[in-house]
Amino acid sequence: MPLNTQNIVILAIESSCDETSAAVIYNGKMLSNIVASQIIHEQHGGVVPELASRAHQQDIVRVVNAAIVEAKIQKNELSAIAFTRGPGLLGSLLVGTSFAKAFALGLDIPLIEINHMQAHVLAHFIDEPKPNFPFLCLTVSGGHTQIVLVKSPLDMEVLGETADDAVGEAFDKAAKMLGLGYPGGPKIDQHATLGNPAAFEFPISEMPGYSFSFSGVKTSLLYFIQKHGQEFVTERLNDICASYQQTLITTLVRKIRKAAKELKIKELAIAGGVSANKGLRKALQIEAEKQRWSLYIPDFQYCTDNAGMIAMAAHFKYIEKEFSHQQVSPMPRFQI
Ligand code: KG4
Ligand code: ZN
């Protein structure tokens, strides 16, 4: 098949969890980024994998069409189709993978598999200012908490990650315990802005190196709720959210500070759904001023799951001609 390296137009599909998303990128510039969030999970207090796969199946054609229409391109102008191969929920990944394979086959153009965690990091290359290599990225999402050394767009090394729950899970599970519903991160964030972060104390885990652990703090919140009772929790909800969130933020800031010092890197970035957290953004901005870091925080639309970041990663892979075979299948535990 002929490769067009003058005009690289890529359609990207993201379906790893509970967002069905499609984006079109033209020579590295985002033309569209459509995200359909699945509201069905709200009534279940968390993502139900079976329902997620079905919702992807129902939404994918509509979302892809919307991305193509908004980008004002024709399908025959596409250079490649990209998709999230993993990590994520198998059934959900299968929907995006199969759709992308069929689309690429139909148009006889290359297929590009993308690692979702790598894409979260590469979201930083969608808008200005872009980080300089090498930089450190704190990737914080619903399933991962990682400190990543980014040497070049496609060369990344995970220096440390969580031994148990991801920080996004620590937000979501706490919100569930506090009766705030799903997804919990944004809800705790909202209440936290109205509360006192020093009102209560929760334990900060001490983990070796650049590892994290968030299961202890989550359990301590459970004991706190059991000890004080529902009435107290309702009365002091804002202070509880602010204090709990502060504990998570302090844990993250300590580790990224340690990594920056030890590796002598002053280019720092955050990525993933939890990077939308207002408290974390502010805490890192304060730390960046103190440590004289150049800090890169993505636009809100590129923090949580979106196909724009998949498209950006695919642009880099297209330049390197890193294409996939039609035999490719999803990898729910795909490592960077
Ligand atoms: O990156 P993402 O959209 O999906 C995964 O790849 O997991 O991240 C979702 C996570 C959820 O745990 C959600 O609660 C959290 O990001 N999140 C937040 C905020 N917005 C989303 N956590 C804290 N504060 C927020 N504002
Ligand atoms: Zn994600």
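Because the structure is a prediction, the values reported are computed rather than measured. As the structure lists them, so they are numbered: ligands from 1, and atoms in each ligand from 1. As a basis for the values below, the full set of heavy atoms in this structure was taken, side chains included, without hydrogen atoms, waters or symmetry mates.
Between Phe125 and Phe316, the ring center distance clears the sub-6.0 Å criterion. Aromatic rings of Phe83 and Phe103 (six-membered ring for Trp) have centroids beyond the 6.0 Å cut-off, not under it.
Ligand 1 places these atoms under 4.0 Å from at least one heavy atom of Gly143: 7 (O). Residue Thr304 approaches ligand 1 through these ligand atoms, each under 4.0 Å from one of its heavy atoms: 3 (O), 21 (C). Within the listing of ligand 1, atoms 1 (O), 5 (C), 6 (O), 7 (O), 8 (O) sit less than 4.0 angstrom from a heavy atom of Ser141.
Looking only at protein heavy atoms, the nearest one to atom 17 (N) of ligand 1 is Gly273 O, 3.5 Å. The protein heavy atom nearest to atom 26 (N) of ligand 1 is Asp189 OD2, 2.9 Å. Scanning all protein heavy atoms for the shortest distance to atom 15 (C) of ligand 1 gives Val274 CG2, 3.9 Å. Looking at atom 10 (C) of ligand 1, its nearest protein heavy atom turns out to be Gly142 N, 3.5 Å. For atom 3 (O) of ligand 1, the nearest non-hydrogen atom of the protein is Asp305 N, 2.9 Å. Protein heavy atom at the shortest distance from atom 22 (N) of ligand 1 is Gly185 CA, 3.3 Å.
Using modelled atom types and a 3.5 Å distance limit, the side chains of His56 and Asp18 yield no donor-acceptor pair. Using modelled atom types, one finds a donor on one side chain and an acceptor on the other under 3.5 Å when comparing Asn7 with Tyr26.
Remark: Arg236 fails to qualify as a cation-pi partner of Phe200 under the 6.0 Å distance and 45° angle criteria applied to the six-membered ring.
With the Zn ion (ligand 2) as the vertex, atom OD1 of Asp305 and atom NE2 of His116 span an angle of 90° (nearest 10 degrees).
Not one N or O on the side chain of Lys176 forms a donor-acceptor pair closer than 3.5 Å with the backbone of Pro183.
Using 4.0 Å as the threshold, His116 has a heavy atom nearer than that to some atom of ligand 1. The shell of residues lying under 4.0 angstrom from ligand 1, judged by heavy atoms, excludes Cys17. A heavy-atom separation below 4.0 Å is found between His120 and ligand 1.
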Pair Glu206, Arg254 - check salt bridge (Lys or Arg N to Asp or Glu O under 4.0 Å), show working. CA-CA 10 Å; Glu206 294 295 339; Arg254 276 187 191 175; 3.6 Å; yes
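Annotation: side chain of Leu263 is in contact with side chain of Leu159 (closest heavy-atom distance under 4.5 Å). Contact check for Phe224 versus Phe202: side-chain heavy atoms found under the 4.5 Å cut-off.
Checked against the Zn ion (ligand 2), the N, O or S atom of His120 at the shortest distance is NE2.
Proximity annotation for atom 24 (N) of ligand 1: of Asp18, Thr84, Asn277, Val35, Asn277 comes nearest, heavy atoms only. Comparing heavy-atom distances from atom 11 (C) of ligand 1 across Val47, Val140, Asp172 singles out Asp172 as nearest.
Between Gly168 and ligand 1, an N or O atom pair is found at a separation short of 3.5 Å.
Taking backbone and side-chain atoms together, Cys17 has no N/O/S atom less than 2.8 Å away from the Zn ion (ligand 2).
Looking at every heavy atom in both residues, Ala166 comes nearest to Gly142 through CB-O, 3.6 Å.
A salt bridge does not link Glu267 to Lys130: none of the charged side-chain nitrogens sits closer than 4.0 Å to a carboxylate oxygen.
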